[in-house]
Amino acid sequence: VADVKINVGVGSTPSKIAFPDGWLFVAKPSDELTAFLKQHGQHDWMGKLEKNVTAILLSCIVILTLTIGIFTHGIPWLTNKMVTYLPDSASMMVEDRVLVSLDEQLFEPSNLTLSQQTMIRQRFESHLRALGIDEDVRLLFRSSELGANAFALSHSTIIVLDDLVALTETEQQLDSILMHELGHIEQQHVMKAIVRSSLLSLSVAMLTGESAGVIDNLAGVGVFVANNGQSQQAEREADRFASDSMWQIHDTNQPMIEMFELLQESSENEAEIPAWLSTHPELTER
């Protein structure tokens, strides 16, 4: 026994005994072989664990806990770390390409007069100074069939649609929307969403072991639902940033509440979608 190399098989896999002259003896599991190996200090611990119900249940619980933990804590942590170390050139490149695509497919030039645009920009820039924000945030105006809306891109651009400006009744109400979009930029929500989506897709592909057919579709749905939850969290964070900013600028966040009420009134005729499908929390909650 001292002259041979013994590789004990795991579970139902065969054990292998290599002899000094090169011969290899491959033996299926048997009571006689197990007794022989045990007699010579070779124990099949893994095989015993595979047949132990308690060990199997504990392993399943540990694997399930780790899997859930990766999606709920691991990926968000890794996302924040990766975005922190990404160069500004990455977010600028994404922003430029997205803006070109939006202008080609969804947006038209704004119908607001140049004086209206200039007045809103100057007011926004004064709020940036009041908040102590030195970044050069670009405010662009567009027309679109998307309705009353505004968008923050990945680097330092906020797009305001004409219908949103038309919906507001006071300058302070528009301020609250701009502060919300500024919150997305300050907290890098767009880049975090891009990185998080990539990590989620990669994780699901690794878990399923393939990326085609039904598995691919199910994986896509799983990534969408998981990412939507994170999207709603980002909206809540942007709302908190906007509320704090409104208090700092205007000593009240009442215009923000009024703006949500106006948005709710304007969307009353739209079909209601389930909360888990929506990228934003419900307006009543906000």
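Quantities reported herein were computed from a predicted structural model and do not represent experimental measurements. Note that the numbering runs from 1 along the sequence shown for the chain.
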Could you see if [X] belongs to whatever hydrophobic cluster contains [Y]? Use Ile, Leu, Val, Met, Phe, Trp, Tyr and a side-chain cutoff under 4.5 Å.
X	Y	value
Phe151	Leu106	yes
Met119	Leu161	no
Val98	Met93	no
Phe71	Trp77	yes
Ile257	Leu178	no

For [X], does the [atom1] atom have more than 12 heavy-atom neighbours from other residues, nucleotides or ligands under 6.0 Å away?
X	atom1	value
Phe19	CZ	yes
Arg97	CZ	no
Leu66	CG	yes

Would you check if [X] and [Y] make a side-chain contact, meaning some heavy-atom pair closer than 4.5 Å?
X	Y	result
Glu265	Leu262	yes
Leu164	Met259	yes
Glu171	Arg123	yes
His155	Val94	no
Asp103	Arg142	yes
Phe124	Met179	yes
Leu167	Ser266	yes
Gln172	Thr252	no

Q: Indicate the ring-plane relationship of His250 and His127, choosing parallel, tilted or perpendicular according to the 30° and 60° boundaries.
A: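 Aromatic pair His250/His127 classed perpendicular.
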Check [X] against [Y] and note the closest heavy-atom contact, atom names and distance.
X	Y	answer
Pro109	Ser143	O-CB, 3.4 Å
Ser154	Ser91	OG-O, 2.7 Å
Ile158	Leu182	CD1-N, 3.8 Å
Ser110	Phe141	CB-O, 3.5 Å
Ser144	Asp163	O-OD2, 3.8 Å
Ala152	Ile185	CB-CG1, 4.0 Å

Can you tell me how far apart [atom1] ([X]) and [atom2] ([Y]) are? Round to the nearest 0.5 Å.
X	Y	atom1	atom2	answer
Ile249	Leu131	CD1	CG	4.0 Å
Thr170	Glu258	OG1	CD	6.0 Å
Leu153	Arg138	CG	CZ	8.0 Å
Phe241	Gln187	CZ	CD	7.0 Å
Leu140	Phe107	CG	CZ	9.5 Å
Asp175	Ile120	CG	CD1	9.5 Å

Q | Between Glu95 and Thr157: side-chain donor-acceptor atoms closer than 3.5 Å | A |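 Side-chain D/A pair, Glu95 to Thr157: present.
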Q: Go through the side-chain N and O atoms of Glu235 and His189 and say whether any donor and acceptor fall under 3.5 Å apart.
A: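 Result is no, nothing qualifies.
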So, the side chain of [X] versus the backbone of [Y]: is there a donor-acceptor pair under 3.5 Å, distance only?
X	Y	result
Ser197	Ile194	no
Gln117	Leu112	yes
Ser243	Asp239	no
Thr67	Ile63	yes
Thr79	Val195	no

